[in-house]
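This report refers to the structure that appears directly beneath it.
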2 protein chains.
Amino acid sequence: MRVLVLGGDGFCGWPTALYLSQRGHQVAMLDNLSRRRWDEELGTASLTPIRSPEERVAAWQALTGQRIELIIGDLNDYDVVSAAFERLQPETIIHYAEQRSAPYSMIDRAHAVFTQVNNVVGTLNVLYAMRDLAPDAQLVKLGTMGEYGTPNIAIEEGYIEIEHEGRKDTLPYPKQPGSMYHLTKVHDSHNILFACRAWGLCATDLNQGVVYNVATDETERDEALANRFDYDEVFGTALNRFCAEVAAGHPITVYGAGGQTRGFLDLRDTVRCIELAATHPAAAGEMRVFNQFTEQFSVLELAERVQRVAQEMGLSAEITHLTNPRVEKEQHYYLAKHTRLLDLGLQPHLLTDATIAALLERAMRHRDRIELSHILPTVTWR
Amino acid sequence: MRVLVLGGDGFCGWPTALYLSQRGHQVAMLDNLSRRRWDEELGTASLTPIRSPEERVAAWQALTGQRIELIIGDLNDYDVVSAAFERLQPETIIHYAEQRSAPYSMIDRAHAVFTQVNNVVGTLNVLYAMRDLAPDAQLVKLGTMGEYGTPNIAIEEGYIEIEHEGRKDTLPYPKQPGSMYHLTKVHDSHNILFACRAWGLCATDLNQGVVYNVATDETERDEALANRFDYDEVFGTALNRFCAEVAAGHPITVYGAGGQTRGFLDLRDTVRCIELAATHPAAAGEMRVFNQFTEQFSVLELAERVQRVAQEMGLSAEITHLTNPRVEKEQHYYLAKHTRLLDLGLQPHLLTDATIAALLERAMRHRDRIELSHILPTVTWR
């Protein structure tokens, strides 16, 4: 399969490019390196040292003989997109290339506008390139479970049958996203659904949960292939950030009561879910939606889990409840369906103490790189 | 009430500014004159001659003594928005300032991207200006009934109670917009809902139907106050365009079977609905949604209605069914609720033969200005 991974230099994109290459697919990646620029802007850095994209693909080729073509370019520039589509004739487009941090989008008006324009226009450009240059290709697009918010009814996978006043229809599941970033994924989903209906495109919208872990079999093969490990308030997410906090001797920071419940998955399942979606395409004209996560946890449960494993390793780990910088319910009903990827054959890596211990050890190895001033939340929603 | 009408030079914005001024409100309007530029771009023009915005407000002041302040500026430029908010301290912001044509948004990729960025960023700028400079003001924002698409269940006003697996919640009504333009209104609605929830802003999202008629009591007081009358394929809408077609001796153009059913309202009700929403504000933190139309018709019903009135006036009027340039259902269930504005006191101008006759007469007076080549659809959805 000829695969184009958009955003292939990022936290999920890079392991995905490696995994698909290892599985024998012909992989090219396109990235504008914006994730590295946002680090420069914020003064942050990955906990683990990461190599340049050129070194990364060279190391992979040296190790495996497999070439991953690297294109440095911006999805918001249609000339870049159309040139890549024309030359590569991708059969599958995996689209990670968006600004993916809720706090980053909430820094101020300019960051909100940037995030919305960057994400929405990038995806529009992909849709038009598919329509005009690769109408039979399939799009595998990363959305987020955060599109749904926390409704008081079960969350279905993308669509819900509604019975109302004696009539029935199956309609897009109502969305209640909780940040300027999450909103962009909702906008994308509506744009993609329209493009599928109007132009007969084929797409899978993957509403991904919070990803934990940083390593896959491929990223572990050489330190030049190492994946990024974000722990800062802007790009760090729950479980990974907690492990870095423990390693740094910082309390585990739970926002508010910690009853916020979300879907989570191991990065090793992310790459497998992508392959499952790509090798079982949606029908022409269909925007299929999968909820891509394997277990749901409350934030406090995860904090306590990390605390326990840390203590078993002889590390001290205190939990602190911070004033919640976000506007979100801290106690709520949450039940999200996630059977469709299991039906395609996903065998989940459920969260184990061993995974947490490995993350803690990794963070301990690089603890001198942790900048404590980047941990506490300064970006607030209000 | 200090009112800022964004998009006050447009088809609905101008009559609204006049109406609110006549009702004693202190009105300022902000417009970047883009509607006039799109005419230049497309080589089109209003069927009725319209004056420059400066002449319009001068004529209104000469006639009534009421001053409408005119600000020429672009909502996408935050400096313009913040300066206007700081100086005017608006209590109510009426927001029409978007690219509002579905065909314009479907011309090509560049027009789709322009429409989405223009509309979404303009509205984001308004929301941030409200948050930072006018947190107690209320937003009255124009959406469209087209956000809902044509579901097989009744369309509620913005939200729907869903019972699912023994639990209940009231959630945003699922949206299925049918063009790159309609999508922008859905994006706006999600952004506004978030801003209300996160920042406690107060907003009314008016999902307006297709507006017919071009005249209000105010626009009729002097020819310098005349409103625009669009009949071209890009900006002309069903009933008004049909009247212009008859005046030009052109067949009435129905797209496809004509069973497409939509909500419609008289422009005189548009301006009244805005005042009703503005004088009965939503609560802080609430995004209230009203479906702003008074009757629903199929496109073919309207064509036949115009045909009959035209024939009674001695005009020949033939109906032609064109291949539908859009992707939409041509026969479908449609029942949309619209009681909330009635509950506030709206007394609808239902569609009368007299209104159609007046439109036909107006079009006949200016028939020499009709450019036949702009009538048939050239922009297609596929």
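Side chains are part of it too, since the values below use all heavy atoms of this structure and drop only hydrogens, waters and symmetry mates.
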Name the member of H182(B), R197(B), R326(B) that forms the most heavy-atom pairs with chain A at distances under 4.5 Å. R197(B)
Between P174(B) and I162(A), is any pair of side-chain heavy atoms under 4.5 Å apart? yes
What are the two closest heavy atoms between P151(A) and L171(B), and how far apart are they? CB-CD2, 4.0 Å
Is the closest side-chain heavy-atom distance between P172(A) and Q176(B) below 4.5 Å? yes
Shortest non-hydrogen separation from A154(B) to E165(A) and the atoms involved: CB-OE1, 3.7 Å
Nearest atoms (heavy-atom pairs only) where N191(B) meets H187(A): OD1-NE2, 3.1 Å
Looking only at heavy atoms, the pair that brings N152(A) and K168(B) closest together is ND2-O, 3.3 Å
In terms of heavy-atom pairs under 4.5 Å, which option from A195(A), S179(A), G166(A) contacts chain B the most? S179(A)
Sorted by chain and number, sequence neighbours left out, side chain to side chain donor-acceptor pair (under 3.5 Å) with T378(A) holds for E233(A)
Considering only heavy atoms, give the residues of residues 332-340 of chain B separated from chain A by less than 4.5 Å, sorted numerically, with 'none' for an empty result. Y333(B), K337(B)
Part of E156(A) within contact of chain B (heavy atom distance under 4.5 Å): side chain
Residues 114-121 of chain A vs chain B, non-hydrogen distance cutoff under 4.5 Å, contacting residues -> Q116(A), V117(A), V120(A), V121(A)
Contact winner vs chain B - R382(A), E163(A), E328(A), H190(A), heavy-atom pairs under 4.5 Å: H190(A)
Residues of residues 123-138 of chain B within contact distance of chain A, non-hydrogen under 4.5 Å: L124(B), N125(B), Y128(B), R131(B)
Looking only at heavy atoms, the pair that brings W381(B) and W199(A) closest together is O-NE1, 2.8 Å
Leading residue by heavy atom contact count with chain A [cutoff under 4.5 Å; candidates E161(B), M180(B), K175(B)]: M180(B)
